[in-house]
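Computed over heavy atoms, backbone and side chain alike; hydrogens, waters and symmetry mates excluded. Whatever order the structure lists ligands and atoms in, that order sets their numbers, starting from 1.
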Amino acid sequence: MRLSKMFAPTLKEVPSDAEAVSHQLMLRGGMIRKLAAGIYDYLPLGLRSIRKVEQIVREEMNRAGAQELLLPAVQPAELWQESGRWALYGPELQRLRDRHNREFCLGPTHEEVITDLVRRDVRSYRELPLNLYQIQTKFRDEVRPRFGLMRAREFTMKDAYSFDVDDAGANASYEAMRQAYHRIFTRCGLRFREVEADSGNIGGSFSAEFMVLADTGEDAIVYCDSCGYAANLEKAEIASPPDAPFPGALQPMKRVPTPNQRTIEEVSAFLQVQPRDLIKTLVFVADGRPVVALVTGDHEVNAIKLQRLLKANVLELADPATIERVTGAPVGFAGPQGLKVEHLLADYSLRGRGNLAAGGNEVDVHVTGVNLGRDFTPTQFADLRQAEVGELCPRCTGGKLLQQRGIEVGHVFKLGVKYSKTMRCTFLDEAGVEKEMIMGCYGIGIGRTAAAAVEQNHDDNGMIWPLPLAPYHAVIVPIGKTDGPEYQAALKLHDELEARGVEVVLDDRDERPGVKFKDADLIGFPLRLTLGKKALDQGAVELKRRAAAEFELVPLGEIVAKVDAIVHEAKNVTTC
Ligand code: ATP
Ligand code: MG
């Protein structure tokens, strides 16, 4: 391929509305262009990387026994009404009407459509298990589409769905997918971690996410420094400490004026108490009803845990007016005493604690000597707080929790009978008894995986593609006049490499070497082969790996074999 002919419009300036590095670099490198918020054109270079992710995913899905099909992007509302998700899925679901006023949506995911297909065409245990997948366009009207391909509205996903006769079979299907995911991300050349996750909108009993490790990732991951425990921070459990012995005599509850002292830091400094001796009282609205969550002041409430406990479809922090209605005071002065709410939920960190400070439910007032049982009684104790760095691992004895950031590229779910029950997806077992199929579903964000590769691998000069996902393996940069000997040698090298199956670009543009090197670095070709006069006089080529600082001189007679070996070694990563 000649760079002079390629549609790869690179940009010198960083586009102003691109926040994430991958977004900036993919725009600058001429890989993608924005059409509308969260909707992108894939240009030839971008599409090549996307296709490489797809190819690895496809090969590993097939190897794991899944069969590819293709389902429609437009889905009838009736199926979503049947599963109950038409009402539950919020504005992320893009709804539309046809000319007959029938309702449809653009598929954000395909559980309903696949369940409908399988229930119509599979009757007997003899036809199971089945695992069906597609690589297809999804649409989610995300609140904040941003970060380019990482959080788009229109994006490509691989989604697979398994159907089994019993739990043992479903577990085996899940395990096969989990292992396939390990092979996929290993073959992509990415550093990643599998973590326990919350099941969110999709539902089901258990799920795990595959996270590409990158400091810029949107997700926080908690992991143990000693055993294999790792979880999304949203899900991370707490090693519940034993109830602390009660400190002694109950103090009387006392009102203290605290003018303008609202935050935990302000109040603890003002009252001269530790944050752990304060009660943090947060008002949320769960499906339209106010609920109150309590933790000690040294911790944060984990809204996902709260939402799961309440089985709420929507959970939000209350607005100031609701807070005032529930507590009688403006934001910053809430306390648990005297509150009349259906759910007054307390984190385990409050168990066995006494003589605490809290908001006074009155402007500019706090109270001290607040005691459980006497002054307030939680409706339930639960694990409601966020795990923190340095605390004990909930799984092993002795390990400490650490945190790192990641980008969720894949998600595997055990669905159980969530969809097969509501949508009556059944089969007849050996005894002729009708049973619900046990399902699993397994997603990979194709574009997000490509973008995550850039988030994980880049420097100030541009992208550093892992070889398996690079749009091309190598770029050849001849230096000198376009009719000079360097060009002749470059052309020959180009043809020889191409004949070996190396994907190579010849930078035949009439540009200065500096410009060529800059673009090569920006696009991030894993290998750069420079043919200059000095090296050629010695019968050699400069070989530079994008990730390395130095180049090496390789004799012209050896360069083809050497590049071929590097490329094939990287592509044939042996996996489990
Ligand atoms: P997130 O929590 O990041 O919004 P999700 O949990 O809603 O994602 P899933 O329903 O698990 O996503 O979808 C499967 C995969 O699809 C995700 O692991 C991710 O790689 C990809 N994906 C989801 N939403 C987007 C998006 N808006 N843009 C690009 N890829 C996405
Ligand atoms: Mg997910």
Would you check if there is a donor-acceptor pair between the side chains of [Y] and [X] at a distance under 3.5 Å?
X	Y	value
S83	E112	yes
N62	Y133	yes
Q386	H299	no
Y442	S162	yes
R85	Y419	yes

Which of these, H411, E408, E92, has its nearest heavy atom closest to atom 8 (O) of ligand 1? E408

Charged tip of R193 within 45° of Y223 ring normal and under 6.0 Å: yes

Ion pair K418/E111, N-O distance below 4.0 Å: no

Of all the N, O or S atoms in H411, the one nearest to the Mg ion (ligand 2) is ND1

Pick one of side chain, backbone, both or neither for how E142 approaches ligand 1, counting any non-hydrogen atom pair under 4.0 Å. side chain

May I ask you to identify, for R151, whether its side chain, its backbone, both or neither come under 4.0 Å of ligand 1 on a heavy-atom basis? both

Side chain or backbone, does F155 bring an N or O within less than 3.5 Å of an N or O on ligand 1? no

Do any nitrogen or oxygen atoms of I444 come within less than 3.5 Å of a nitrogen or oxygen of ligand 1? no

Ligand 1 atoms in contact with [X] (distance to a heavy atom under 4.0 Å):
X	result
R140	5 (P), 7 (O), 9 (P), 10 (O), 12 (O), 13 (O), 23 (C), 24 (N)
L149	29 (C)
V409	18 (O), 20 (O)
M150	26 (C), 28 (N), 29 (C), 30 (N)
G410	18 (O)

Whether the side chain of D141 engages the backbone of L93 through a donor-acceptor N/O pair (distance < 3.5 Å, no angle test) should be reported. no

Just wondering, is there an N, O or S atom on E408 that's nearer than 2.8 Å to the Mg ion (ligand 2)? yes

